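Remarks on the structure that follows.
Just so you know, ligand 1 is whichever comes first in the structure, and atom 1 is the first atom listed for that ligand. Just so it is clear, the model here is predicted, and its values are computed rather than measured. For reference, positions follow the sequence shown, starting with 1.
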Amino acid sequence: MLEGQDLVLEEIVPARQGWAHRVGYGETLVITDLEGRQAVDFLCFDTDDLRDRYSATNTIKVQGNVYVGLGTVLYADSGRALMTVVEDTIGRHDTIYGCCSNPNNRLRYGVETTESCYSNFEAVLAPFGLGREAIVANVNWFMSVPILQDGSAGVAEAALKPGSRVALRTERDVLAALSNCPQMHNPCNGYNPTPILVQVYRATRDDTSLAR
Ligand SMILES: [Zn+2]
C-alpha cells in the first residue's frame, strides 16, 4: 500500500519465472520478496525508444557508488532518467554482477542449466521486439555482492526477511522487465527460488484541486 496512490496492477510472479510490463510516467512499481532471500534481476527501457535501455555504468558514475539503494536514479544509455528508487527496505542492491545465464553457470559452476535469468529476459522481452542486444548488466534487487578492498567480489549469503521491498517511481514511460531468479548454484535465492509480488500504483487524482 502506498499512501495517496491507487493500486492499478498486482501480480504474483511464480518462482523461476520472468515478467515484463509497461509502467507509465508517474506510476510506481513495487517489487516485494514474499518469502525472503529471493534475488530479482531487473532491466528497464524507455518506451519512446526501446533501444534506450538501463545503463549500469551511467547509474554508478552519476551517483559515485556501485550499489543501488534509496534515492538511486536508474539512468539510460542516453542519460535520461528512467526510474528512481523511492522506497527500499534493504539498503543495498547489486548492479555489477549481471544475470545468471547458461554460459556463466557453465564457467562458474561447471554445470549445464536449462533455466536462467538470461533466458527469462529473452522470453519476456521478445513480445516487445527486443532480443539479446537488450540484455545488459542489470539491477539485482535483494542480491548481496560485497566488494572487498582487493577487488574480490562474489554473491554473499544474505538473510533477507520476507516482505522486503523496493518501490521505483517512473521518470518517464518505461518497459520494466524482471526475472525471478532460478539460480541454484549460489546463495542468492537461499537455494530455494520463491514467488515475488509486483504492484503498480498511480497517484490518486485530486479533483478538489481543479479550478471551479
Ligand atoms: Zn538469475
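- Comment: Arg53 engages Asp77 in a salt bridge, judged by a side-chain N to carboxylate O separation of less than 4.0 angstrom.
- Ring centroid separation for the pair His93 and Tyr67 does not come in under the 6.0 Å cut-off.
- Annotation: side chain to side chain donor-acceptor pair (under 3.5 Å) contacts involving residues 117-127, sequence neighbours excluded, comprise Ser116-Ser119, Asn120-Ser179, Glu122-Arg132.
- Panel detail: the Zn ion (ligand 1) has protein N, O or S atoms under 2.8 Å away, 3 in number.
- Listed by chain and number, the hydrophobic cluster partners of Tyr109 are Val111, where partners are ILVMFWY side chains within reach of under 4.5 Å, directly or through others.
- In terms of the side chain to side chain donor-acceptor pair (under 3.5 Å) criterion, residue partners of Asp49 (sequence neighbours excluded) are, by chain and number, Arg51.
- The CG atom of Asn138 sits 5.0 Å away from atom SG of Cys99, with the distance rounded to the nearest 0.5 Å.
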